[in-house]
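Chain A is the first sequence line, chain B the second, and so forth, proteins listed ahead of strands; every chain is numbered from 1.
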Amino acid sequence: MTSEQTPFFITTAISYPNGVPHIGHAYEVIATDAMARFKRLDGYDVFFMTGTDEHGQKMLQTAEREGITPRELAQRNSDAFQAMNDELGISYDRFIRTTDSDHYAAAQAIWKRMEANGDIYLDKYAGWYSVRDEAFHAEDDTEVREDGLRYSKETDTEVVWTEEESYFFRLSAYQDKLLELYKSQPEFGAPHTRFNEVIRFVERGLEDLSISRTTFDWGVPVPGNKDHVMYVWVDALTNYLTGTGFPDIESESFKKYWPADVHVIGKDISRFHAIYWPAFLMSAKLPLPKRVMIHGFLHNNGVKMSKSLGNVVAPADFVSQYGLDQVRYFFLREVPFGADGSYSHDSIVGRMNSDLANNLGNLAQRSLSMVAKNCGGAVPTPVELTDADQQILADAGKLLEICRDTFSRQDFSKALEAIWTVLGDTNAYFADQAPWVLRKTDLARMETVLYVTLEVVRRVALLVQPVMPAAAASLLEVLGQPEGSAREFGSFDTVLVAGTELPPPAPIFPKLDS
RNA sequence: GGGGCGGUAGCUCAGUUGGUCAGAGCAGAGGACUCAUAAUCCUUUUGUCGUGGGUUCAAGCCCCACCCGCCCUACCA
């Protein structure tokens with residue numbers, strides 16, 4: 001059975017745990033989780049990975065400042081990220097940590113493969129280094145001031161010419177191959193606006209990339225040279241391979257899941273995923289991921305989140321205030337995936353009340369309570385369907401294909417919009433048919449209208465499972481749909497069985513006063 | 001400086017390759033109904049489609065210039 005299923009490997013970026021998770025991290029895992037759940041329900045063999053990227057100088061610095069070891073810091077904050085995932089109901093299959101032992105093996109293996117391909121060489125990295133910033137600055141970004149010293153124009157700190165031994169990756173050799181990739185696979189990067197930035201960047205020319213450090217040791221050791229640790233991105237990007245069983249490329253899991261179907265990332269790291277990562281893989285002679293989906297950032301009331309403004313929201317606070325499914329729905333419905341988004345108390349409450357409680361929750365409640373009171377609490381029996389009945393059923397019937405299409409592009413908001421359009425039509429249908437009038441005039445017709453309505457709600461409930469797992473489960477429960485295959489997309493085109501006993505209905509979505 | 005994207009009703013935004021394209025949702029106003037979580041349904045107000053030119057029989061949709069906003073511009077996640 002499993003072997004017949006098409007594999008689908010999806011990842012989030014791994015989070016850098018030198019701080020605690022905020023709503024932006026939550027946004028990424030929620031979206032990726034919805035995608036993973038959708039594919040599972042649609043019969044795919046899904047492998048969904050998320051985790052933490054724990055090496056690098058910043059981790060070391062943060063740990064030193066707190067008087068603990070980087071390993072302790074990583075453990076503490078990685079645990080916080082994992083806890084966030086669990087609070088958000090994220091259905092990850094592996095929570096990977098770059099300090100996991102199998103990851104060291106994978107990172108060193110890809111290094112050796114790139115080295116074997118002749119793309120790694122030892123040289124000196126030279127440039128204007130700011131001790132204060134602990135970073136190099138491009139010469140154009142520096143200037144000699146009146147005191148005769150050179151300063152970074154950006155940070156106003158003194159820079160000194162520094163040379164450091166470093167391994168380099170021959171990124172410059174991959175410019176044409178990358179451009180060829182972008183041309184032949186126009187869906188490799190999305191959305192187009194962000195992908196265009198990447199392409200133009202590559203077109204302007206690529207320099208070789210320094211990929212090792214000698215100034216600190218919190219990282220994966222470079223094979224064969226104990227003085228160097230890997231540049232954190234070589235290490236971090238490789239996590240996607242680690243999860244599939246790499247370096248054992250003959251393993252069943254590697255053969256099944258690699259290459260990844262989608263890497264979901266934030267717009268801040270598009271270059272690493274859309275340029276460096278495919279170049280590394282080309283060099284290592286490994287297949288490339290099929291798609292890099294770049295999402296935007298969330299703003300609070302249109303204002304960027306920042307600690308100094310005090311508008312950083314902890315995911316747990318959000319969930320306790322509005323409810324998990326409500327938060328998941330809000331972000332996926334309100335923000336076109338790929339664009340920046342904005343949230344506010346009013347906009348969340350608006351979606352909760354209007355879309356969830358009123359349009360969906362109330363439609364279920366008004367139809368189910370009529371069934372409970374007038375049909376003996378069982379699925380009613382339809383008779384001949386009118387044009388209106390057939391129309392609304394046909395509209396609902398198209399939703400699975402629409403969702404497949406939109407989800408394949410991670411266009412969650414469009415999928416939900418299409419579903420809610422049908423819900424709006426169904427509320428109009430219900431009012432137009434007026435089953436509460438038919439109750440006194442034509443019981444068979446009343447039962448038919450209620451049946452049709454329930455059938456639409458069932459299909460909608462199936463399709464919103466990836467976005468709102470718990471609420472959808474409750475809906476399917478009151479529709480008498482048992483867990484298991486009845487709740488998978490394979491059952492989308494089946495219909496409710498008349499006479500099925502239904503539990504007493506209860507409202508699924510609470511309302512909030514604004 | 002170079003590059004990428006936007007600027008459409010009060011708000012958030014849809015608008016494929018130019019020809020009912022001036023729209024949707026929310027908010028506001030009026031009405032209807034009572035099955036339902038005072039939910040739902042119907043009707044309805046506002047737009048110089050950033051500015052100025054141009055191409056065309058025809059332009060939010062193409063071209064040019066300009067104004068405004070956001071983002072990127074390599075080795076600090």
Side-chain angles (χ1 to χ4, degrees), chain A residues 13-19 52-59 61 125 127 130 133-138 140-141 155 166 168-169 171 191-213 231-234 236 265-272 275-276 296-297 299 302 304 333-336 339-342 344 346-347 350-351 353-359 361-374 413-414 417 420-421 424 426-439 446 449-450 453 505-511:
Chain A
I14 49 177
S15 303
Y16 202 67
N18 66 338
T52 44
D53 167 22
E54 306 179 7
H55 295 305
Q57 192 166 19
K58 260 197 175 155
M59 285 295 286
Q61 288 168 349
Y125 185 78
S130 161
D133 300 339
E134 298 190 60
F136 284 94
H137 292 279
D140 289 348
D141 295 330
T155 60
S166 170
F168 283 80
F169 173 73
L171 184 65
H192 291 297
T193 59
R194 296 248 103 80
F195 193 31
N196 284 345
E197 283 180 2
V198 167
I199 295 170
R200 301 294 290 161
F201 184 89
V202 174
E203 283 176 350
R204 289 167 62 190
L206 296 173
E207 295 173 11
D208 289 350
L209 187 67
S210 165
I211 54 167
S212 75
R213 297 289 183 274
Y231 170 47
V232 69
W233 275 104
V234 176
I265 62 163
K267 66 180 184 179
D268 52 334
I269 54 177
S270 59
R271 181 178 317 130
F272 302 99
I275 300 175
Y276 300 170
F297 287 163
H299 295 169
K304 212 176 254 187
R333 173 65 187 89
E334 182 83 2
V335 183
D340 286 348
S342 188
S344 65
D346 288 349
S347 60
R351 288 291 180 191
N353 290 349
S354 177
D355 291 7
L356 297 180
N358 297 350
N359 293 338
N362 186 59
L363 177 65
Q365 186 63 15
R366 69 195 302 205
S367 52
L368 282 163
S369 60
M370 279 202 77
V371 168
K373 289 172 187 167
N374 302 295
S413 61
K414 191 149 275 179
E417 182 183 28
W420 257 260
T421 296
T426 308
N427 269 314
Y429 160 86
F430 200 84
D432 194 44
Q433 300 299 319
W436 56 92
V437 173
L438 296 169
R439 184 183 55 182
M446 176 200 76
V449 170
L450 293 176
T453 304
I508 307 280
F509 298 103
K511 293 188 76 164

Under the side-chain hydrogen bond (donor to acceptor under 3.5 Å, both in side chains) test, residues paired with [X] that sit two or more places apart:
{"X": "K414(A)", "answer": "none"}
{"X": "N358(A)", "answer": "K511(A)"}
{"X": "D355(A)", "answer": "Y329(A), R351(A)"}
{"X": "T52(A)", "answer": "E54(A), S78(A)"}

To the nearest angstrom, how far is [X] atom [atom1] from [N] atom [atom2]?
{"X": "F169(A)", "N": "A74(B)", "atom1": "CZ", "atom2": "C1'", "result": "14 Å"}
{"X": "F195(A)", "N": "C72(B)", "atom1": "CZ", "atom2": "C1'", "result": "15 Å"}
{"X": "N358(A)", "N": "A39(B)", "atom1": "CG", "atom2": "C1'", "result": "6 Å"}
{"X": "K511(A)", "N": "U37(B)", "atom1": "NZ", "atom2": "P", "result": "11 Å"}
{"X": "Q57(A)", "N": "C75(B)", "atom1": "CD", "atom2": "P", "result": "13 Å"}
{"X": "L209(A)", "N": "C76(B)", "atom1": "CG", "atom2": "C1'", "result": "13 Å"}

Would you tabulate the side-chain donor-acceptor contacts of residues 431-439 of chain A under 3.5 Å, counting partners in other chains and residues two or more places apart, or write 'none'?
from    : atom 1 : to      : atom 2 : distance (Å)
Q433(A) : OE1    : R445(A) : NH2    : 2.9

Open item on the list: Taking 4.0 Å as the cut-off, does a side-chain nitrogen or oxygen of Y231(A) come that near to OP1 or OP2 on C76(B)?
Closed with: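 For C76(B), OP1/OP2 do have a side-chain N/O of Y231(A) under 4.0 Å.
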
Task: N or O in side chain of R213(A) less than 4.0 angstrom from C76(B) OP1/OP2 - done: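 For C76(B), neither OP1 nor OP2 has a side-chain N or O of R213(A) closer than 4.0 Å.
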
Does [X] reach a base, just sugar-phosphate, or nothing at all? Heavy atoms under 4.0 Å.
{"X": "W233(A)", "answer": "sugar-phosphate"}
{"X": "G361(A)", "answer": "base"}
{"X": "I508(A)", "answer": "base"}
{"X": "G205(A)", "answer": "base"}
{"X": "K58(A)", "answer": "sugar-phosphate"}
{"X": "G424(A)", "answer": "sugar-phosphate"}
{"X": "D53(A)", "answer": "nothing"}
{"X": "L450(A)", "answer": "nothing"}

Taking only the [atom1] atom of each, what is the distance from [N] to [M] in whole angstrom?
{"N": "C11(B)", "M": "A27(B)", "atom1": "P", "result": "16 Å"}
{"N": "G4(B)", "M": "A22(B)", "atom1": "C1'", "result": "29 Å"}
{"N": "U55(B)", "M": "A65(B)", "atom1": "C1'", "result": "15 Å"}
{"N": "C63(B)", "M": "C72(B)", "atom1": "C1'", "result": "26 Å"}
{"N": "U43(B)", "M": "G25(B)", "atom1": "P", "result": "11 Å"}
{"N": "G28(B)", "M": "C67(B)", "atom1": "C1'", "result": "33 Å"}
{"N": "U40(B)", "M": "U48(B)", "atom1": "C1'", "result": "38 Å"}
{"N": "G2(B)", "M": "C21(B)", "atom1": "C1'", "result": "36 Å"}

TODO: Kindly give the heavy-atom pair with the smallest separation between Y16(A) and Q57(A), and that separation in Å.
DONE: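 That closest heavy-atom pairing would be OH-N, 4.1 Å.
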
Task: Closest heavy-atom pair and its distance - I211(A), S166(A) - done: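 So the minimum-distance heavy-atom pair works out to N-OG, 4.0 Å.
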
Mind listing the side-chain donor-acceptor pairs of residues 194-205 of chain A below 3.5 Å, one per line with the distance, residues two or more places apart or on another chain?
from    : atom 1 : to      : atom 2 : distance (Å)
N196(A) : ND2    : H192(A) : O      : 3.3
R200(A) : NH1    : E203(A) : OE1    : 2.6

Task: Side-chain heavy-atom pair S212(A), Y231(A) within 4.5 angstrom cut-off - done: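 No; the side chains remain at least 4.5 Å from each other.
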
Task: Min side-chain heavy-atom separation N427(A)-R366(A) under 4.5 Å - done: yes

Open item on the list: Checking F169(A) now: which residues fulfil ring-ring contact (aromatic ring centres under 6.0 Å, His included) with it, not counting sequence neighbours?
Closed with: Y174(A), F280(A)

Open item on the list: Using the ring-ring contact (aromatic ring centres under 6.0 Å, His included) criterion, which residues pair with Y429(A)? Sequence neighbours excluded.
Closed with: none

Open item on the list: So if I take every side-chain heavy atom of D268(A) and compare against G1(B), C71(B), A77(B), which nucleotide ends up nearest?
Closed with: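 Among the listed nucleotides, the one closest to the side chain of D268(A) is A77(B).
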
Open item on the list: As a test of reading the structure: which of C75(B), C41(B), C71(B) is closest to the side chain of A428(A), going by heavy atoms?
Closed with: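 My answer, after comparing the listed nucleotides, is C41(B).
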
- [ ] Using a 90° cut-off around 0 for syn, call G60(B) syn or anti.
- [x] syn

TODO: Could you run through nucleotides 26-35 of chain B and give me one letter per nucleotide, 5' to 3': B if any protein heavy atom sits under 4.0 Å from the base, S if only the sugar-phosphate is that close, - if neither?
DONE: S------SSB

Open item on the list: If the condition is salt bridge (charged side-chain N to carboxylate O under 4.0 Å, His left out), which residues does D268(A) pass it with, not counting sequence neighbours?
Closed with: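 For D268(A), no residue satisfies salt bridge (charged side-chain N to carboxylate O under 4.0 Å, His left out) once neighbours in sequence are set aside.
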
- [ ] Tell whether Y125(A) reaches the base of C75(B) with its side chain through a donor-acceptor pair below 3.5 angstrom.
- [x]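 Side chain to base: pair found, below 3.5 Å.
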
Task: Under 3.5 Å donor-acceptor pair, N362(A) side-chain atoms to A36(B) base atoms - done: yes

- [ ] Report yes or no: does D340(A) contribute a side-chain atom to a donor-acceptor pair with the main-chain N or O of F297(A) at less than 3.5 Å?
- [x] yes

What pairs of nitrogen or oxygen atoms, one from the protein and one from nucleotides 4-15 of chain B, lie under 3.5 Å apart?
from  : atom 1 : to      : atom 2 : distance (Å)
G4(B) : O2'    : T193(A) : O      : 2.9
C5(B) : OP1    : N196(A) : ND2    : 2.7

- [ ] Treating a pair as Watson-Crick (purine N1 to pyrimidine N3 plus N6-O4 or O6-N4) or G-U wobble (N1-O2 and O6-N3) with both distances under 3.5 Å, list the stems of 3 or more consecutive pairs that involve RNA chain B.
- [x] B:1-7 with B:67-73, B:10-13 with B:23-26, B:28-32 with B:40-44, B:50-54 with B:62-66

